[in-house]
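This report refers to the structure that appears directly beneath it.
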Amino acid sequence: MTGASALAQSTGGEDASRTVNQWLARMHEASRQRAYTGTLVVSAGSAISASRVWHVCDGKQQMERIETLTGAPRTTIRHNSDVITFAPDQKVAWVEKRESLGLFPELLRTPANQIPEFYGVRERGVERVAGHLSEVVEIVPKDGLRFGYRIWSEKQTGLVMKLQTVGAQGQVLEQLAFTELQLNAPVRMKKLAKLMSDTRGYEVHHAVMNKTTPEAEGWRMKDMVPGFLLMSCLTREPAQPSVQVPQAMQCVYSDGLASVSMFFEPDEGAVAQTDAGIGVVGATHSLSRQLGSFRITILGEVPLPTLGRFAQAIERMP
């Protein structure tokens with residue numbers, strides 16, 4: 001069901017003027033066509049953090065600077081998939097590539113017709129966020145394998161002003177929101193590029209990642225969790241390439257909105273464990289298990305049973 005009326009009927013709401021895909025595409029495109037600055041506050045469980053954001057995009061080239069206002073000072077600047085993070089207190093900078101960008105990073109890398117199979121949409125009127133009129137939209141999961149989302153989308157531009165990750169009982173698990181936002185701000189791409197390249201006085205570390213597949217590294221999934229597709233799989237080169245040890249690997253799976261990361265770390269000296277380690281921070285759940293000489297950690301903003309499905313599905317190839 002991809003029509004607006006069918007989606008609304010499936011979630012028990014009134015007829016929606018846009019389908020779930022249309023809403024998500026509008027929000028995504030809003031950030032690709034706007035320059036803005038703002039203060040973003042994130043709350044997850046009892047933890048609250050704030051950052052200052054400078055964003056500019058011409059539809060193709062995208063640049064963004066994020067400076068933490070709480071906790072350890074950090075400044076992250078990205079140009080498309082190229083990212084550098086400065087730690088001024090340590091005088092260290094980390095350079096890496098991140099293919100996943102944006103609010104729902106896998107939105108455009110999964111089949112466009114997949115999301116309506118697992119999510120519906122409800123429209124909840126208009127509210128003000130940081131002084132901007134915003135349309136309130138609920139993205140409602142159709143099964144228990146994923147969380148829902150409540151989104152405030154700026155009425156004129158579609159830019160996401162506020163986002164809540166919502167549990168099965170309607171409880172807010174995590175929230176991010178602009179407390180102040182200036183649209184069409186005078187953010188200059190050349191200025192951000194200059195800041196990005198200025199590493200004087202910093203010790204620069206480059207993360208070397210290589211694309212691979214689980215099968216190429218000796219792993220396979222017996223069963224895929226419904227809706228989740230493999231988005232990327234990377235190995236990290238060791239600091240001393242001459243040392244012959246199994247490489248750490250990260251695989252990312254997504255249904256277009258929710259993402260799950262699986263980390264495979266060599267742990268030759270580990271003793272097999274039957275109990276899985278479990279962690280919860282806001283909407284993010286984690287689960288770890290020992291499988292042979294590897295420690296596998298599964299992390300994602302999904303319900304814990306979803307991670308359990310991933311843990312049971314992964315196996316070492318003979």
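Quantities reported herein were computed from a predicted structural model and do not represent experimental measurements.
Atom CD1 of I314 sits about 9.0 Å away from atom CZ of R289, to the nearest 0.5 Å. Rounding to the nearest 0.5 Å places CG of L299 at 12.0 Å from CZ of F310. A distance of 14.5 Å separates OG1 of T165 from CZ of R146, quoted to the nearest 0.5 Å. We find the CD1-CG distance between I115 and L257 to be 4.5 Å, quoted to the nearest 0.5 Å. Of the inter-residue distances, the one linking T213 atom OG1 with R220 atom CZ reads 13.0 Å to the nearest 0.5 angstrom. Y119 contributes atom OH, which lies 14.5 Å from atom CD of E138 (distance to the nearest 0.5 angstrom).
For the pair Y253/S259, no side-chain contact is recorded, criterion being any heavy-atom separation below 4.5 Å from C-beta on. K142 has its side chain out of reach of F118: every pair of non-hydrogen atoms, C-beta onward, lies at least 4.5 Å apart. Side-chain atoms of I151 and W23, non-hydrogen and from C-beta on, never get closer than 4.5 Å to each other. The shortest distance between side-chain heavy atoms of L230 and P214 falls below 4.5 Å. Between Q156 and L183, every side-chain heavy-atom pair lies at or beyond the 4.5 Å cut-off. Contact check for P226 versus R309: side-chain heavy atoms found under the 4.5 Å cut-off. Here the side chains of I77 and H79 are not in contact, with every heavy-atom distance at 4.5 Å or above. Counting heavy atoms from C-beta outward, T19 and V121 have side chains that stay 4.5 Å or more apart.
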#### Entry: Audit row: K211, S232, side-chain contact (heavy atoms from CB on, under 4.5 Å) steps and yes/no
CA-CA 8 Å; K211 291 185 179 182; S232 68; over 6 Å; no
### Task
List the steps and the verdict of side-chain contact (heavy atoms from CB on, under 4.5 Å) for V260 and V225.
CA-CA 11 Å; V260 171; V225 180; over 6 Å; no
### Query
Passes salt bridge (charged side-chain N to carboxylate O under 4.0 Å, His left out), E265 versus R236? Steps please.
CA-CA 10 Å; E265 298 177 285; R236 180 186 295 269; over 6 Å; no
### Task
Run the numbers on M209 and K97 for side-chain contact (heavy atoms from CB on, under 4.5 Å), then give the verdict.
CA-CA 8 Å; M209 310 295 287; K97 281 189 176 290; over 6 Å; no
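By the 6.0 Å contact criterion, NZ on K194 is open, its count of non-hydrogen atoms from other residues, nucleotides or ligands being 12 or less.
Listed for the N80 side chain is a donor-acceptor partner under 3.5 Å among the backbone atoms of Q62. K162 contributes no side-chain N or O that, together with a main-chain N or O of R150, makes up a donor-acceptor pair within less than 3.5 Å. Not a single donor-acceptor pair under 3.5 Å links the side chain of S43 to the backbone N or O of I48. Between the side chain of H132 and the backbone N or O of M161, no donor-acceptor pair lies under 3.5 Å. A donor-acceptor distance shorter than 3.5 angstrom exists from the side chain of E154 to the backbone of T157, with no hydrogens or angles considered.
When every heavy atom of D198 is checked against every heavy atom of F86, the shortest pair comes out as O-CE2, 3.6 Å. Residue G148 comes nearest to P141 through the heavy atom pair CA-CD, 3.5 Å, listed as atom of the first residue, atom of the second, then distance. Scanning both residues, P303 and G144, for their nearest heavy atoms gives CG-O, 3.5 Å. Across F147 and V166, no two heavy atoms sit closer than the pair CB-O, 3.5 Å. Nearest heavy atoms, F228 versus D255: CD2-N, 3.7 Å. Nearest heavy atom pair, residue R295 against residue S288, reads NH2-OG, 3.2 Å.
Using a 4.5 Å cut-off between side-chain heavy atoms of Ile, Leu, Val, Met, Phe, Trp and Tyr, with links allowed through other members, L163 and L173 fall into different hydrophobic clusters. Cluster annotation: F263 and F294 are assigned to distinct hydrophobic clusters (Ile/Leu/Val/Met/Phe/Trp/Tyr, side-chain heavy-atom contacts under 4.5 Å, transitive). Linking ILVMFWY side-chain heavy atoms closer than 4.5 Å, directly or via other members, places V172 and V302 in two distinct hydrophobic clusters. A single hydrophobic cluster is not seen to contain both V83 and M196; linkage of ILVMFWY side chains at heavy-atom distances under 4.5 Å, directly or through other members, places them apart. Using a 4.5 Å cut-off between side-chain heavy atoms of Ile, Leu, Val, Met, Phe, Trp and Tyr, with links allowed through other members, V42 and M27 fall into the same hydrophobic cluster.
When each of V56, L159, N184 is paired with Y36, the side chain to side chain contact (heavy atoms under 4.5 Å, CB included) condition holds for L159 and for no other.
Aromatic ring orientation, W219 versus F264: tilted (interplanar angle from 30° to 60°).
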Side chains of residues 63-75: which donor-acceptor pairs under 3.5 Å do they make with residues two or more places apart or in other chains?
{"residue": "E64", "atom": "OE1", "partner": "R78", "partner atom": "NE", "Å": "3.4"}
{"residue": "E64", "atom": "OE1", "partner": "R78", "partner atom": "NH2", "Å": "3.4"}
{"residue": "E64", "atom": "OE2", "partner": "H55", "partner atom": "ND1", "Å": "2.9"}
{"residue": "R65", "atom": "NH2", "partner": "E67", "partner atom": "OE1", "Å": "2.7"}
{"residue": "T68", "atom": "OG1", "partner": "A72", "partner atom": "O", "Å": "3.0"}
{"residue": "T68", "atom": "OG1", "partner": "R74", "partner atom": "N", "Å": "2.9"}
{"residue": "T68", "atom": "OG1", "partner": "R74", "partner atom": "O", "Å": "3.4"}
{"residue": "T70", "atom": "OG1", "partner": "A50", "partner atom": "N", "Å": "3.1"}
{"residue": "R74", "atom": "NH1", "partner": "D89", "partner atom": "OD1", "Å": "3.1"}

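A salt bridge links E135 to R26: at least one charged side-chain nitrogen sits closer than 4.0 Å to a carboxylate oxygen.
Looking at E123 and S17, their side chains do bring a donor and an acceptor atom within 3.5 Å of each other.
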